[in-house]
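In what follows, chains are A, B, ... by sequence order, proteins preceding strands, each numbered from 1.
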2 protein chains.
Amino acid sequence: MPVKETRSFREVCRENGIAVTHQRQVLYEVMKSMDGHPSPEEVYARVKKKVPAISLATVYKNIHLFIESGVFQKVSMHHGSVRVEMNGEPHHHMVCSKCRKITDIGEKELGLVAKRSRLPGGFLVERYAVDAIGVCASCQKSSC
Amino acid sequence: MPVKETRSFREVCRENGIAVTHQRQVLYEVMKSMDGHPSPEEVYARVKKKVPAISLATVYKNIHLFIESGVFQKVSMHHGSVRVEMNGEPHHHMVCSKCRKITDIGEKELGLVAKRSRLPGGFLVERYAVDAIGVCASCQKSSC
DNA sequence: AGCATAAACGATAAAAGTTATCGTTTGAGA
DNA sequence: TCTCAAACGATAACTTTTATCGTTTATGCT
């Protein structure tokens, strides 16, 4: 049994002022062991094998907690609904992590990018989509 | 009334083999006139002012049609459920537009990025999330 | 260790976003 | 103008996520 891992999880909890529960710990360890970019349902299915009585709500609540605490990250700023792009010009996005606003920024203004069309594994690039994730000017001013 | 716009919409429809309906045309023009990255609900609210009887389902169906036809684009490829990132190393993603698989790629392998922490408008960058969107090796081989 | 309290849990209802169904209406080509 | 496939509106259903609430558990204090 990995004592070191256990300790680091307890430390993570202490740092963030959250309780060390059995469900939380198993969830953390299962997620750590998963490759790729699982959805909450996939995580739930895996955790359920070890803690059959766990609730999906608990999985969601703790995934959020881990993300808020910075233990894990969201792959994308999950926009909640489909967003449509009508701007035909090549550009990227500034995404505010507080208010979720998406603002266009031109390729040149962003100051990017090596334009490689082949990546390792033979992946053929059609386009790059860059999100600069941070805090917009007005959210920096407001306290909330 | 913008005859030129009307014509270009008719051409778009002809190119894609879809009918020119009143709802479709109003939807197209409203979307063209909107700044930013509206959600289907926002588009629906706007279109409803001009075509009060329009159905939300029609808005969804046509937004999909426009995206499939390449008239507009999706802002982000991975939407549907939250995806969690457990890989702590700085990296980005290769997203296959055919099979939707998301593969990690290290910052150095990608050969990217200007590390600016301030962007125009005072936007404060916390991190960059880069999606290289294209076709993965196995999808290049397969015909479908 | 025992106890009080706040936090977390499970079950489940509800909300939000999206898709499917189906009967009716409409546009495109003959 | 007529025919028929396509598109429409209404709405049910489905998926994902969040909120509610009564019960259980972890934590800090004695």
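- You'll find that the side chain of B/R10 is closest to C/dA28, out of C/dA28, D/dT17, D/dT20.
- Hydrophobic clustering, with ILVMFWY side chains joined whenever heavy atoms are under 4.5 angstrom apart, groups B/V20 together with B/V51.
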Exercise for the section: Could you give me the CA-CA distance, side-chain angles and deciding distance for A/R24 and A/L65, then say whether side chain to side chain contact (heavy atoms under 4.5 Å, CB included) is met? Expected result: CA-CA 10 Å; A/R24 193 118 77 202; A/L65 198 60; 3.4 Å; yes
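- OP1 or OP2 of C/dT18 lies within a sub-4.0 Å distance of a side-chain N or O belonging to B/Y60.
- Residue A/H22 has no polar side-chain atom (N or O) positioned under 4.0 Å from OP1 or OP2 of C/dA8.
- When the nearest nucleotides of DNA chain D are assigned to A/V20 and A/E41 by heavy-atom distance, the more 5′-ward of the two goes with A/E41.
- A straight line from CD1 of B/I54 to P of C/dT25 spans 17 Å, rounded to a whole angstrom.
- Whole-Å rounding puts the A/K61 NZ to D/dT25 C1' distance at 13 Å.
- One end of the helix from C/dA1-D/dT30 to C/dA30-D/dT1 points its axis 40° away from the other end's axis, with each axis taken from 5 pairs and the angle rounded to 10°.
- Using bins of under 30°, 30° to 60° and over 60° for the plane-to-plane angle, the ring pair B/Y28/B/F9 lands in the tilted bin.
- Side-chain atoms of A/A19 lie closest to C/dA8 of the nucleotides C/dT21, D/dT17, C/dA8.
- Rounded to whole angstrom, the span from the CZ atom of B/F9 across to the P atom of C/dG27 amounts to 12 Å.
- Sparse packing is recorded around CZ of A/R14, with 12 or fewer heavy atoms of other residues, nucleotides or ligands lying under 6.0 Å away.
- The nearest whole Å value for the distance from the CD atom in A/E68 to the C1' atom in D/dT18 is 13 Å.
- Listed pair A/T21 / C/dA7 fails the phosphate criterion, with no side-chain N or O lying under 4.0 Å from OP1 or OP2.
- Hydrophobic clustering, with ILVMFWY side chains joined whenever heavy atoms are under 4.5 angstrom apart, keeps B/I18 apart from B/V26.
- At whole-Å resolution of the value, CD1 in A/I67 and P in D/dT17 are 10 Å apart.
- Taking only side-chain nitrogens and oxygens, A/Q23 never comes nearer than 4.0 Å to OP1 or OP2 of D/dT24.
- Between A/Y60 and A/H64, the ring planes lie tilted relative to each other; the angle falls in the 30° to 60° range.
- Side chains of B/D104 and A/H37: a donor-acceptor N/O pair is present below 3.5 angstrom, by distance only.
- Rounded to an integer number of Å, the gap from CD of A/Q25 to P of C/dA8 is 15 Å.
- Residue B/A57 is in base contact, counting any heavy-atom pair closer than 4.0 Å across all strands shown.
- Side-chain nitrogen and oxygen atoms of B/H64 include at least one within less than 4.0 Å of the OP1 or OP2 phosphate oxygen of C/dT19.
- At the heavy-atom level, B/L56 lies under 4.0 Å from base atoms of the strands shown.
- Sequence order on DNA chain C of the closest nucleotides to A/N62 and B/P40 puts A/N62 first from the 5' end.
- Across the protein-nucleic acid pair, A/E42 atom CD and D/dT17 atom C1' stand 16 Å apart, rounded to whole Å.
- The shortest distance between the side-chain N/O atoms of B/T58 and the OP1/OP2 oxygens of D/dG9 is below 4.0 Å.
- To the nearest 0.5 Å, atoms NZ (A/K32) and CE (B/M86) are separated by 9.5 Å.
- At the phosphate of C/dC9, OP1 or OP2 sits under 4.0 Å from a side-chain N or O atom of A/R24.
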